[in-house]
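Let me begin by presenting the structure, written as structure tokens, before commenting on it.
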Amino acid sequence: MGMWGGAKIPELMLTLTGLLPFAAGYGIHWMMTAYPDVRLPYGLIGLIFLLIWGGIAFLAGSFARRNPLAKIICMNGVALVVLVLLGIQELVLGAYFSNAAGIWTQLYYLPLLQLGFSLTSWSSRVFTADAAAWLLMAAASYLGFRLGRRQSVK
């Protein structure tokens with residue numbers, strides 16, 4: 001049995017969890033603009049974010065009885081939509097939207113951007129760093145679900 005007596009996490013809840021990077025990115029953006037002389041530990045922020053992301057997946061996986069792949073897709077679906085919007089903006093249009101959608105899509109991957117750039121140092125595009133960030137999120141959620149399911153079996 002899972003932590004909550006076998007209760008199931010609705011896919012909607014995991015989809016809404018996919019909005020958390022917006023809040024984290026906004027918080028980092030606020031810190032950068034409010035305290036421009038302070039250099040934030042972006043790599044550490046990225047690692048902590050991945051641990052939290054994987055922890056959420058672990059909790060969900062500890063009581064996911066059926067179709068864990070659907071839960072992983074729900075958790076990372078918003079991130080994939082944002083990645084597609086970023087790809088359209090950067091690769092197709094050559095510029096970011098000058099409205100709220102353009103700003104919020106750029107903030108989404110901000111917690112993981114340092115790690116993304118570290119993995120894609122061969123590329124000069126922000127989109128490749130964003131894609132690497134998405135892969136890191138997907139990997140963290142997959143590992144979290146797997147470990148959570150393994151824990152629930154014991």
Determine the minimum heavy-atom distance between Val78 and Gly18, stating which atoms define it. CG1-O, 3.6 Å
Taking all atoms of both residues into account, what is the closest heavy-atom pair of Trp122 and Thr128, and its distance? CH2-CG2, 4.1 Å
Measuring only between side-chain heavy atoms, which start at C-beta, is Val126 closer than 4.5 Å to Phe117? yes
How about Met75 and Ile72: do any of their side-chain heavy atoms sit closer than 4.5 Å? no
With clusters defined by side-chain heavy atoms of hydrophobic residues (ILVMFWY) lying less than 4.5 Å apart, directly or transitively, does Val81 cluster with Trp134? no
d(Trp30 CH2, Leu107 CG) to nearest 0.5 Å is 14.5 Å
Looking only at heavy atoms, which two atoms of Thr105 and Val82 are closest? And how far apart? O-CG1, 3.8 Å
Which heavy-atom pair separates Tyr109 from Ala133 by the least distance, and what is that distance? CD2-CB, 3.6 Å
Looking at Ala138, is its backbone amide N or carbonyl O close enough to the side chain of Ser141 to form a donor-acceptor pair, meaning the two atoms are under 3.5 Å apart? yes
So, using side-chain contact (heavy atoms from CB on, under 4.5 Å) as the criterion, who are the partners of Leu93 when residues are at least two apart? Ile88, Phe97
Spacing of Lys71 atom NZ and Met13 atom CE [to the nearest 0.5 Å]: 11.0 Å
Going by atom type alone, with no hydrogens or angles, which donor-acceptor pairs under 3.5 Å involve a side-chain atom of residues 36-45 and a protein atom two or more places apart or on another chain?
none

Among the clusters formed by ILVMFWY side chains lying less than 4.5 Å apart, do Leu85 and Ile73 turn up in the same one? no
List the atom pairs, donor and acceptor, that lie under 3.5 Å between side-chain atoms in residues 46-56 and the rest of the protein, sequence neighbours left out.
from  : atom 1 : to     : atom 2 : distance (Å)
Trp53 : NE1    : Asn76  : OD1    : 3.3
Trp53 : NE1    : Met137 : O      : 3.3

Do the side chains of Phe127 and Leu83 get nearer than 4.5 Å, heavy atoms only? yes
What closest approach, in Å, do Pro111 and Ala24 show between heavy atoms, and which atom pair accounts for it? CG-CB, 3.7 Å
Parallel, tilted or perpendicular: which fits the ring planes of Trp104 and Tyr26, with parallel below 30° and perpendicular above 60°? parallel
Taking side chain as C-beta onward, heavy atoms only, is Leu113 less than 4.5 Å from Asp130? yes
